[in-house]
Asks: 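Please find one structure pasted underneath; my questions will follow.
As the structure is a prediction and not an experimental result, all values here were calculated from the model. We're numbering straight along the sequence, starting at 1.
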Amino acid sequence: QVQLVESGGGLVQPGGSLRLSCAASGSIFSIYDMTWYRQAPGKQRELVATITSGGSTNYADSVKGRFTISRDNAKNTVYLQMNSLKPEDTAVYYCNADIITFQDPLRRRNYWGQGTQVTVSS
């Protein structure tokens, strides 16, 4: 019913930039919090940044000042602008969202994207 599709990952040199996108599609009535997570090899998945439907944001300390999360509610899309990338930012980045669908308007469900690889290396 609902799909989250990430894009924009790739290989970048240290100090470079990437912009990730995550588009939600399907029978969507409303989207609440949208969040980016990441998981590096051998490590637990960690929260990177989150944005509420009203635009309030929160960041992991490790990315503050370098990453910016934003969203376009008309397009059901969340973005992650990543600047000054470091090798330790290398991970699979996942999109997550709390969504209410037309089929089940009384229940908020949590959805995940399939992930996009970000590799920071010279």
Side-chain angles (χ1 to χ4, degrees):
Q1 291 182 342
V2 172
Q3 278 192 318
L4 299 181
V5 179
E6 300 102 333
S7 60
L11 174 64
V12 63
Q13 292 186 341
S17 297
L18 281 176
R19 189 191 193 209
L20 305 183
S21 299
C22 171
S25 62
S27 184
I28 296 170
F29 176 74
S30 184
I31 303 178
Y32 292 86
D33 292 357
M34 302 186 83
T35 303
W36 287 98
Y37 288 83
R38 67 185 180 186
Q39 188 167 20
K43 295 187 176 182
Q44 288 188 332
R45 192 172 296 188
E46 63 174 354
L47 185 148
V48 176
T50 190
I51 185 167
T52 67
S53 56
S56 297
T57 60
N58 189 47
Y59 296 91
D61 288 343
S62 59
V63 307
K64 281 182 181 177
R66 300 188 298 121
F67 291 10
T68 302
I69 189 170
S70 60
R71 63 191 286 171
D72 184 333
N73 291 328
K75 296 182 179 180
N76 291 337
T77 299
V78 63
Y79 306 97
L80 187 67
Q81 178 67 44
M82 305 186 294
N83 299 328
S84 302
L85 282 161
K86 305 175 181 180
E88 50 264 43
D89 295 318
T90 296
V92 178
Y93 284 71
Y94 297 92
C95 175
N96 176 278
D98 290 328
I99 297 173
I100 291 179
T101 64
F102 285 105
Q103 282 77 10
D104 192 1
L106 299 180
R107 184 173 179 177
R108 188 184 303 188
R109 294 178 181 266
N110 188 258
Y111 295 87
W112 288 91
Q114 82 288 349
T116 185
Q117 177 70 47
V118 171
T119 302
V120 185
S121 176
S122 54

Asks: To the closest 0.5 Å, what do you measure between CG (Asp98) and OG1 (Thr52)?
Replies: 11.5 Å

Asks: Hey, any chance Val92 and Met82 share a hydrophobic cluster, counting ILVMFWY side chains that come within less than 4.5 Å of each other, even indirectly?
Replies: no

Asks: Between Asp61 and Lys64, is there a side-chain N and carboxylate O pair less than 4.0 Å apart?
Replies: yes

Asks: Find out whether Cys22 and Tyr93 are in side-chain contact, i.e. whether some heavy atom of one side chain is under 4.5 Å from a heavy atom of the other.
Replies: no

Asks: Give a yes or no answer on whether the side chain of Thr90 reaches the backbone of Val120 with a donor-acceptor pair at less than 3.5 Å.
Replies: yes

Asks: OG of Ser27 to CD1 of Ile100: how many Å apart, nearest 0.5 Å?
Replies: 12.0 Å

Asks: Can you tell me if Phe102 has over 12 outside heavy atoms packed within less than 6.0 Å of its CZ?
Replies: yes

Asks: Any donor and acceptor pair, going by atom type alone, linking the side chain of Glu6 with main-chain N or O of Gly115 inside 3.5 Å?
Replies: yes

Asks: Do Trp112 and Cys95 have side chains that approach each other closer than 4.5 Å (heavy atoms only, starting at C-beta)?
Replies: no

Asks: Please lay out, stage by stage, how Leu11 and Ser121 fare under the test side chain to side chain contact (heavy atoms under 4.5 Å, CB included).
Replies: CA-CA 7 Å; Leu11 174 64; Ser121 176; 4.2 Å; yes

Asks: In terms of hydrophobic clusters joined by side-chain contacts under 4.5 Å, are Met34 and Val2 together?
Replies: yes

Asks: For atom CD of Gln44, decide whether the heavy atoms of other residues, nucleotides or ligands shown that lie under 6.0 angstrom number more than 12.
Replies: no

Asks: Under the criterion side chain to side chain contact (heavy atoms under 4.5 Å, CB included), I'd like the reasoning laid out for Arg71 against Ile31: C-alpha separation, chi angles, the key distance, then a yes or no.
Replies: CA-CA 11 Å; Arg71 63 191 286 171; Ile31 303 178; 3.7 Å; yes

Asks: For residues Tyr32 and Arg108, determine if any side-chain heavy atom of one lies less than 4.5 Å from a side-chain heavy atom of the other.
Replies: yes

Asks: Quick one: OG1 on Thr50 to CG on Asn96, what's the gap to the nearest 0.5 Å?
Replies: 8.0 Å

Asks: Drop me the distance from Leu47's CG to Arg38's CZ, to the nearest 0.5 angstrom.
Replies: 10.0 Å

Asks: Under a single-linkage definition using a 4.5 Å side-chain heavy-atom cutoff for Ile, Leu, Val, Met, Phe, Trp and Tyr, are Val78 and Leu18 assigned to the same hydrophobic cluster?
Replies: yes

Asks: When rounded to the nearest 0.5 angstrom, what distance separates OG in Ser53 from CG in Asn73?
Replies: 7.0 Å

Asks: Looking at every non-hydrogen atom in both residues, tell me the closest pair between Ser84 and Ser17 and how far apart they are.
Replies: N-OG, 4.4 Å

Asks: How about Asp89 and Val118: do any of their side-chain heavy atoms sit closer than 4.5 Å?
Replies: no

Asks: Let's go through Trp36 and Ile51 carefully: what are the C-alpha distance in whole Å and the side-chain angles of both, what is the deciding distance for side chain to side chain contact (heavy atoms under 4.5 Å, CB included) to 0.1 Å, and is it a yes or a no?
Replies: CA-CA 9 Å; Trp36 287 98; Ile51 185 167; over 6 Å; no

Asks: Do Leu85 and Tyr37 belong to the same hydrophobic cluster, where Ile, Leu, Val, Met, Phe, Trp and Tyr are linked whenever their side-chain heavy atoms lie under 4.5 Å apart, directly or via other members?
Replies: no

Asks: Would you indicate whether Gln3, at its atom CD, is surrounded by more than 12 heavy atoms from other residues, nucleotides or ligands within a distance under 6.0 Å?
Replies: no

Asks: Quick one: OG1 on Thr116 to CD on Gln114, what's the gap to the nearest 0.5 Å?
Replies: 7.0 Å

Asks: Is any side-chain heavy atom of Thr101 closer than 4.5 Å to a side-chain heavy atom of Arg109?
Replies: no

Asks: Would you say Phe67 and Ile69 make side-chain contact, with heavy atoms under 4.5 Å?
Replies: no

Asks: Mind listing the closest non-hydrogen atom pair of Ala24 and Ile99 along with its distance?
Replies: CB-CD1, 4.4 Å

Asks: Are Thr68 and Tyr59 close enough, and set up right, to give a side chain to side chain contact (heavy atoms under 4.5 Å, CB included), and what steps lead you there?
Replies: CA-CA 8 Å; Thr68 302; Tyr59 296 91; 3.9 Å; yes

Asks: Do Ile28 and Tyr111 have side chains that approach each other closer than 4.5 Å (heavy atoms only, starting at C-beta)?
Replies: no

Asks: With a 4.5 Å limit on heavy-atom distance, are the side chains of Ser21 and Lys75 in contact?
Replies: no

